[in-house]
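Inspection log for the structure reproduced underneath, given as structure tokens.
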Amino acid sequence: MSRHFLDLADAGGDAIAAMLNDAIDRKEARANWPKGKADADAPLAGRTLAMIFEKNSTRTRVSFDMAMRQLGGTTIVMDAGSMQLGRGETVADTARVLSRFVDAIMIRTDDHAKLIEMAEHATVPVINGLTDHSHPCQIMADMLTVIERHKALPGTRWAWLGDGNNVLHSIIEAGSLMGFDVRVGCPAGYEPSMEVLEAALKRGTTVPILRDPVAAVKDADVVVTDTWISMGQEHAEEKLAAMTPYQVNAALMAHAKPDAVFLHCLPAHRGEEATDDVLDGPRSAIWDEAENRLHAQKSVLLWCFGMIG
Ligand code: CP
Ligand code: NVA
């Protein structure tokens with residue numbers, strides 16, 4: 001059985017903690033090295049990761065590519081539109097074929113069911129590079145960034161502002177696995193999915209959904225937001241208007257703890273979900289967060305290959 005990283009719960013809290021520790025150690029061990037130089041142990045030498053993109057990407061694409069290089073392996077990057085997948089070959093058949101060529105598959109797709117289908121038919125590990133439902137690799141990097149800012153995860157208070165989307169789903173899952181609190185400030189009609197809230201509840205975690213953005217942010221250790229319009233969604237003026245009170249600006253950040261960390265998975269829509277003074281301000285960790293995609297995903301890859309946890 002291959003180890004798939006489809007959502008954070010696939011790994012569980014202990015493995016996530018082990019991955020985060022490994023990421024911290026590997027990052028420290030190669031500080032100031034040329035970015036393309038392999039880690040001293042090159043643990044994935046001889047392994048190849050295939051990456052399939054059905055949606056645009058900058059960070060996921062480059063961070064996985066560099067992650068494999070630093071681990072001593074190689075990658076094949078494919079846009080779905082130029083594959084037979086893009087003209088009707090099934091996900092299942094694509095999974096079967098790629099499994100004969102490569103050692104692991106990462107896919108960014110719209111429908112989460114396609115990711116599941118890929119994992120069911122692949123005989124190598126499959127990694128979720130974002131679906132409409134979740135973005136677990138992003139939240140591995142977010143947790144790493146928070147730990148680096150000297151905040152141990154258990155007991156920290158995370159405030160999410162804006163759309164109840166894929167990134168929030170993975171934050172809620174992470175909170176319930178790693179013991180941090182998540183409060184959501186969002187307008188009616190844009191809540192996270194009930195399925196995600198119920199799964200967190202089964203693990204003993206309640207996630208308050210608040211209409212008041214100030215109440216959501218109050219005394220938060222971490223303030224996080226994301227685009228109001230995700231990839232594949234229509235640009236709707238009505239939605240933008242509903243989101244406006246949830247913009248993360250200096251006035252809202254004033255209600256978080258003085259040492260609160262601001263996160264955004266990027267790309268940002270400056271002046272919409274967050275203002276420039278917050279994105280570029282002293283409490284923003286967004287560039288470390290982006291870099292940490294690389295370090296966190298190296299550990300995800302090693303976990304998939306059974307080398308961690
Ligand atoms: N945060 C993130 O996943 O970025 P990309 O869409 O650029 O990969
Ligand atoms: N919620 C965003 C995340 C982008 C990295 C989207 O799905 O477009």
Side-chain angles (χ1 to χ4, degrees), residues 5-8 23 49-68 75 77-81 105-115 127-146 158 160-174 182 184-187 190-193 196 222 224-236 239-240 242-243 246-248 261-270 272-274 279 284-298 300-301:
F5 190 78
L6 308 184
D7 273 308
L8 294 165
L49 171 73
M51 291 189 261
I52 302 172
F53 287 94
E54 287 196 328
K55 294 181 173 198
N56 295 39
S57 171
T58 298
R59 279 144 288 266
T60 303
R61 184 174 185 140
V62 179
S63 58
F64 264 109
D65 203 330
M66 292 307 295
M68 283 302 288
T75 58
V77 186
M78 295 168 288
D79 288 321
I105 301 167
M106 189 233 74
I107 180 166
R108 167 168 285 197
T109 182
D110 45 9
D111 188 354
H112 199 75
K114 289 192 203 169
L115 171 78
I127 298 171
N128 178 356
L130 179 147
T131 68
D132 288 352
H133 176 71
S134 58
H135 197 4
C137 289
Q138 179 66 52
I139 308 315
M140 291 299 293
D142 290 11
M143 290 189 281
L144 179 56
T145 308
V146 170
W158 294 41
W160 173 273
L161 278 305
D163 193 24
N165 67 12
N166 46 4
V167 173
L168 174 59
H169 288 167
S170 291
I171 289 177
I172 291 172
E173 188 172 37
V182 182
V184 177
C186 71
Y190 299 102
E191 295 86 359
S193 90
V196 169
V222 179
V224 52
T225 188
D226 185 17
T227 180
W228 291 338
I229 311 281
S230 284
M231 290 182 277
Q233 294 178 346
E234 275 179 34
H235 185 93
K239 183 173 184 184
L240 295 181
M243 291 292 162
Y246 302 89
Q247 179 190 69
V248 183
V261 180
F262 173 74
L263 299 179
H264 188 312
C265 65
L266 305 178
H269 300 74
R270 289 172 175 268
E272 290 191 9
E273 70 272 8
L279 285 158
S284 172
I286 60 175
W287 310 123
D288 288 342
E289 181 186 6
E291 179 188 331
N292 282 337
R293 292 292 303 276
L294 164 66
H295 305 294
Q297 281 154 201
K298 287 166 75 176
V300 169
L301 287 160

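Order of listing sets the numbers, starting from 1, for every ligand and every atom in it.
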Stepwise side chain to side chain contact (heavy atoms under 4.5 Å, CB included) check, Val224 with Val248: CA-CA 8 Å; Val224 52; Val248 183; over 6 Å; no
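- Of the N and O atoms on the side chains of Thr145 and Asp288, not one donor lies less than 3.5 Å from an acceptor on the other residue.
- Looking only at protein heavy atoms, the nearest one to atom 8 (O) of ligand 2 is Met231 N, 2.8 Å.
- At a 4.0 Å heavy-atom cut-off, ligand 2 does not touch Asp132 at all.
- Near Leu266, with a cut-off below 4.0 Å to any heavy atom, the atoms of ligand 2 are 5 (C).
- Closest to atom 3 (C) of ligand 2, if we only count protein heavy atoms, is Asp226 OD2, 3.5 Å.
- With a 4.5 Å cut-off on side-chain heavy atoms, Trp158 and Val184 do not count as touching.
- Counting heavy atoms of neighbouring residues, nucleotides and ligands inside a 6.0 Å radius, atom CG of Asn56 does not exceed 12 of them.
- In Thr60, neither the side chain nor the backbone holds a heavy atom less than 4.0 Å from any atom of ligand 2.
- In the model, Thr225 has no side-chain atom that pairs as donor or acceptor with a side-chain atom of Glu273 under 3.5 Å.
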Side chain to side chain donor-acceptor pair (under 3.5 Å) between Asn128 and Ser134, intermediate numbers included: CA-CA 8 Å; Asn128 178 356; Ser134 58; 3.1 Å; yes
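- Just one residue in the list Lys55, Arg293, Gln138 forms a side-chain hydrogen bond (donor to acceptor under 3.5 Å, both in side chains) with Thr60, and that residue is Arg293.
- Partners of Ala174 by side-chain contact (heavy atoms from CB on, under 4.5 Å), not counting sequence neighbours, listed by chain and number: Leu8, Ile139, Met143, Phe180.
- The nearest heavy-atom contact from the protein to atom 7 (O) of ligand 2 is Asn166 ND2, 2.8 Å.
- Protein heavy atom at the shortest distance from atom 4 (C) of ligand 2 is Leu130 CD1, 3.9 Å.
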Atom pairs, nitrogen or oxygen, ligand 1 to protein, under 3.5 angstrom:
{"residue": "ligand 1", "atom": "1 (N)", "partner": "Gln138", "partner atom": "OE1", "Å": "2.9"}
{"residue": "ligand 1", "atom": "1 (N)", "partner": "Cys265", "partner atom": "O", "Å": "3.0"}
{"residue": "ligand 1", "atom": "1 (N)", "partner": "Leu266", "partner atom": "O", "Å": "3.0"}
{"residue": "ligand 1", "atom": "1 (N)", "partner": "Arg293", "partner atom": "NH1", "Å": "3.4"}
{"residue": "ligand 1", "atom": "3 (O)", "partner": "Thr60", "partner atom": "OG1", "Å": "3.1"}
{"residue": "ligand 1", "atom": "3 (O)", "partner": "Arg108", "partner atom": "NH2", "Å": "2.9"}
{"residue": "ligand 1", "atom": "3 (O)", "partner": "His135", "partner atom": "NE2", "Å": "2.8"}
{"residue": "ligand 1", "atom": "3 (O)", "partner": "Arg293", "partner atom": "NH1", "Å": "3.0"}
{"residue": "ligand 1", "atom": "4 (O)", "partner": "Arg59", "partner atom": "NE", "Å": "2.9"}
{"residue": "ligand 1", "atom": "6 (O)", "partner": "Arg108", "partner atom": "NH1", "Å": "2.8"}
{"residue": "ligand 1", "atom": "7 (O)", "partner": "Thr58", "partner atom": "N", "Å": "2.7"}
{"residue": "ligand 1", "atom": "7 (O)", "partner": "Arg59", "partner atom": "N", "Å": "2.8"}
{"residue": "ligand 1", "atom": "7 (O)", "partner": "Arg59", "partner atom": "NE", "Å": "3.1"}
{"residue": "ligand 1", "atom": "7 (O)", "partner": "Arg59", "partner atom": "NH2", "Å": "3.1"}
{"residue": "ligand 1", "atom": "8 (O)", "partner": "Ser57", "partner atom": "OG", "Å": "2.6"}
{"residue": "ligand 1", "atom": "8 (O)", "partner": "Arg59", "partner atom": "N", "Å": "3.4"}
{"residue": "ligand 1", "atom": "8 (O)", "partner": "Thr60", "partner atom": "N", "Å": "2.8"}
{"residue": "ligand 1", "atom": "8 (O)", "partner": "Thr60", "partner atom": "OG1", "Å": "2.7"}
{"residue": "ligand 1", "atom": "8 (O)", "partner": "Arg108", "partner atom": "NH1", "Å": "3.4"}
{"residue": "ligand 1", "atom": "8 (O)", "partner": "Arg108", "partner atom": "NH2", "Å": "3.2"}

Chi angles and distances behind the side chain to side chain donor-acceptor pair (under 3.5 Å) call for His295, Glu291: CA-CA 7 Å; His295 305 294; Glu291 179 188 331; 2.8 Å; yes
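- Between Ser230 and ligand 2, an N or O atom pair is found at a separation short of 3.5 Å.
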Evaluation steps, side chain to side chain donor-acceptor pair (under 3.5 Å), between Asp7 and His112: CA-CA 10 Å; Asp7 273 308; His112 199 75; 3.2 Å; yes
